[in-house]
Amino acid sequence: MADTLISPEAVEERVALGPLNRWWPVAASWMITDKPQGLTRLGEKIVVWRDKDGTVHCVQDRCPHRGARLSMGWNLGDRLACWYHGVEVGGDGVVKDVPAVSDCPMIGAKMIKSYPCFEHMDGIFVWFGDELHEEPDEFVFPEEFESDEWSAMLCTAHWKCNWVYAVDNVMDPMHGAYLHAISHSMAAGDKEAKMQVDETDTGFVFGKSDQRDVNFDWIEWGDSGAFWLRVSPLPYRQEAGPGGNFGIMGFVTPIDKDNCRVFFWRTRKVQGWQRDVWKFMYRNRLETLHWDVLEQDRVVLEGMDPGARDKEFLYQHDTGLARVRRILQKEAEAQLAHGAANAGAPAAAAE
Ligand code: FES
Ligand SMILES: [Fe+2]
């Protein structure tokens with residue numbers, strides 16, 4: 001078997017930019033129009049746009065001619081045209097036309113990476129695969145994403161911190177009672193707790209041993225083709241209208257090493273007229289309150305030194321986040337080792 005040595009720096013870099021071979025939300029639906037949108041996600045420059053039917057496409061944001069950003073070009077309905085010299089590229093990464101030259105050999109060739117993508121629950125999900133996984137795995141949706149019983153509202157924001165810090169924050173239920181002590185939804189409950197870990201099919205639940213359904217009492221880490229975080233149902237006050245507690249399905253997508261985009265779907269098991277009431281109240285009143293809470297998270301995280309992790313002292317409440325960090329590290333190691341072994345395979349076979 002190939003002996004593949006992966007440097008700790010390479011693993012650290014892969015973790016910092018997010019492991020590959022997963023689906024990641026890259027934008028909210030409303031952020032993507034027919035105007036090509038250049039984005040950086042997982043350290044990769046991509047361009048996302050809608051064709052004439054409204055279907056979303058995503059390719060590498062690099063013109064195969066001389067490298068201008070395709071996101072600066074034109075949407076021709078079924079392809080993009082580069083602003084610089086007009087080369088036309090489809091959503092499959094294939095050059096469709098080179099209007100400045102007749103019979104250009106670029107035509108018909110797949111010259112840039114194309115990314116599988118789909119739209120769901122007002123979010124746009126993109127598959128980031130390595131060379132061995134260009135075809136996507138299935139994203140098995142969490143219940144809130146596929147059942148009609150649930151209603152969900154997406155809020156998304158850019159945070160100036162590494163994505164793992166944002167994941168750490170969600171994996172840390174205890175911060176609710178402190179950081180969000182003055183908030184509409186997280187002020188209740190004990191300020192001291194013992195924590196425990198319970199395994200699930202897709203990850204694990206990390207939560208308070210002796211308090212449930214009072215505050216941010218547990219958090220679930222899931223990996224079902226995408227990494228997701230399910231926050232325990234939080235109590236809404238009476239004035240939040242009919243329906244029970246609200247939950248949060250969270251995703252954090254790396255932009256680069258120092259920036260990420262958070263996606264939080266506020267979920268509630270409400271149907272029919274109650275759903276309409278909730279959506280109405282959400283837009284008119286509750287959303288602002290939710291943003292206030294998120295701002296508290298953002299301010300603390302952005303205020304932390306990028307190297308804060310090098311000097312931290314973790315205690316029992318940090319077991320959940322430490323576990324996720326280990327999972328991410330193992331995933332990055334396995335991915336890099338797999339890639340390196342594969343790159344070495346033909347040489348080994350030739351001996
Ligand atoms: S760089 Fe895009 S057409 Fe020349
Ligand atoms: Fe928070």
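Predicted model, so just to flag it, every value in this text is computed and none were measured. When reading the values below, keep in mind they use all heavy atoms of this one structure, side chains included, and skip hydrogens, waters and symmetry mates. Counting convention: from 1, in listed order, for ligands and their atoms alike.
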### Query
Can a donor-acceptor pair be found between the side chains of D223 and T202 at a distance below 3.5 Å?
no
### Message
Under 6.0 Å between ring centres: does that hold for F118 and W127?
### Response
no
### Task
Please test D168 against R325 for salt bridge (charged side-chain N to carboxylate O under 4.0 Å, His left out), starting from the C-alpha separation and ending with a verdict.
CA-CA 8 Å; D168 287 350; R325 289 181 190 176; 2.8 Å; yes
#### Entry: For atom 4 (Fe) of ligand 1, every protein N/O/S atom that sits closer than 2.8 Å, waters excluded
H65 ND1, H85 ND1
### Message
Regarding H317 and D172, do their side chains bring together a donor and an acceptor under 3.5 Å, going by distance alone?
### Response
no
### Task
Kindly indicate whether a cation-pi arrangement holds for R323 with F204, taking the cut-offs as under 6.0 Å to the six-membered ring centre and within 45° of the axis.
yes
### Summary
the Fe ion (ligand 2) -> D297, closest N, O or S atom is OD1
### Query
Is there a donor-acceptor contact under 3.5 Å linking the side chains of R261 and T156?
yes
